[in-house]
Amino acid sequence: MKFFIDTANLQDIRETQDLGILDGVTTNPSLMAKEGITGDENVRAHYKAICDSVDDNVSAEVISTDFNEMVLEGESLAKIDDKIVVKIPMIKDGVKAIKHLSNQGIRVNCTLIFTAGQALLAAKAGASYVSPFIGRLDDISTDGVALIQQIVHIYNNYEFTTEVLAASIRHTMHLIQCAEVGADVVTCPAKVIMGLLNHPLTDKGLAQFLADHNKARETAAPVLS
Ligand code: G3P
């Protein structure tokens with residue numbers, strides 16, 4: 001299972017990379033705007049900085065919604081670095097653009113997936129990844145994790161190589177549930193990845209181990225030579 005971080009924040013990306021478990025980064029126009037990154041040159045430089053901070057798999061999203069423009073923008077993004085995966089929205093022109101870019105060997109992540117039918121179309125067009133947004137489905141009282149399970153099942157039926165990238169993950173249980181149903185990738189904020197570290201019994205157990213060790217050291221008889 002791959003772990004991606006869902007942010008354009010370089011500090012969060014580098015801190016998570018430093019943990020040694022990071023497989024990639026996903027960004028979107030909202031996350032880039034949150035970091036105050038605007039203007040073509042700044043955006044490209046920021047993507048390059050992200051690519052230089054991780055081993056592979058940096059999703060960079062197109063802004064265009066027209067087929068020809070999406071293809072040009074996707075080709076241009078892909079030239080920034082070999083680690084770039086072009087993110088294309090699930091719209092009619094997007095499906096055509098996925099096919100076109102994938103045929104050129106450019107990896108594509110099809111984003112804004114909310115149904116199994118959309119995921120099937122993206123796989124048939126040759127997307128490397130599909131991104132179902134599970135948190136946003138949960139927000140409207142729909143089971144986001146069930147969609148991941150359904151897409152994994154369909155892809156397995158036909159041996160599609162498209163990877164299921166569970167996105168819009170809000171908390172650690174979302175991540176665990178995605179792992180249980182076989183998502184290939186999860187992308188989440190740093191706090192969700194770091195949240196996996198925590199358990200009060202781990203903290204309590206470690207405190208006890210260290211206290212016992214220190215007590216034994218203080219009371220131990222000196223070793224005679
Ligand atoms: O990867 C998609 C993600 O950024 C959307 O997350 O929390 O805005 O639904 P959220």
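Read the numbers this way: they start at 1 and go in the same order the structure lists the ligands and their atoms.
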#### Entry: Any residue meeting salt bridge (charged side-chain N to carboxylate O under 4.0 Å, His left out) with Lys83, in chain and number order, not counting sequence neighbours
none
#### Entry: Side-chain heavy-atom pair His46, Leu10 within 4.5 angstrom cut-off
yes
### Message
Between Asp81 and Lys48 (salt bridge meaning N to carboxylate O under 4.0 Å), is one present in this structure?
### Response
yes
#### Entry: Matching residue for Ser59 among Thr27, Thr26, Asp6, Asn109 - test: side chain to side chain donor-acceptor pair (under 3.5 Å)
Asn109
Using a 3.5 Å cut-off on N/O to N/O, what pairs does ligand 1 make with the protein? A line per pair would be great.
unit_1   : atom_1 : unit_2 : atom_2 : d
ligand 1 : 1 (O)  : Asp6   : OD1    : 3.2
ligand 1 : 1 (O)  : Asp6   : OD2    : 3.0
ligand 1 : 4 (O)  : Asp6   : OD2    : 2.6
ligand 1 : 4 (O)  : Asn28  : ND2    : 3.0
ligand 1 : 7 (O)  : Arg170 : NE     : 2.9
ligand 1 : 8 (O)  : Arg136 : NH2    : 2.8
ligand 1 : 9 (O)  : Arg136 : NE     : 2.7
ligand 1 : 9 (O)  : Ser168 : OG     : 2.7
ligand 1 : 9 (O)  : Arg170 : NH2    : 2.9

### Summary
When every non-hydrogen atom of Thr187 is compared with those of Ile169, the smallest separation belongs to O-CB, 3.7 Å
### Ala97 to Ile88 - nearest heavy-atom pair and separation
CB-CD1, 4.3 Å
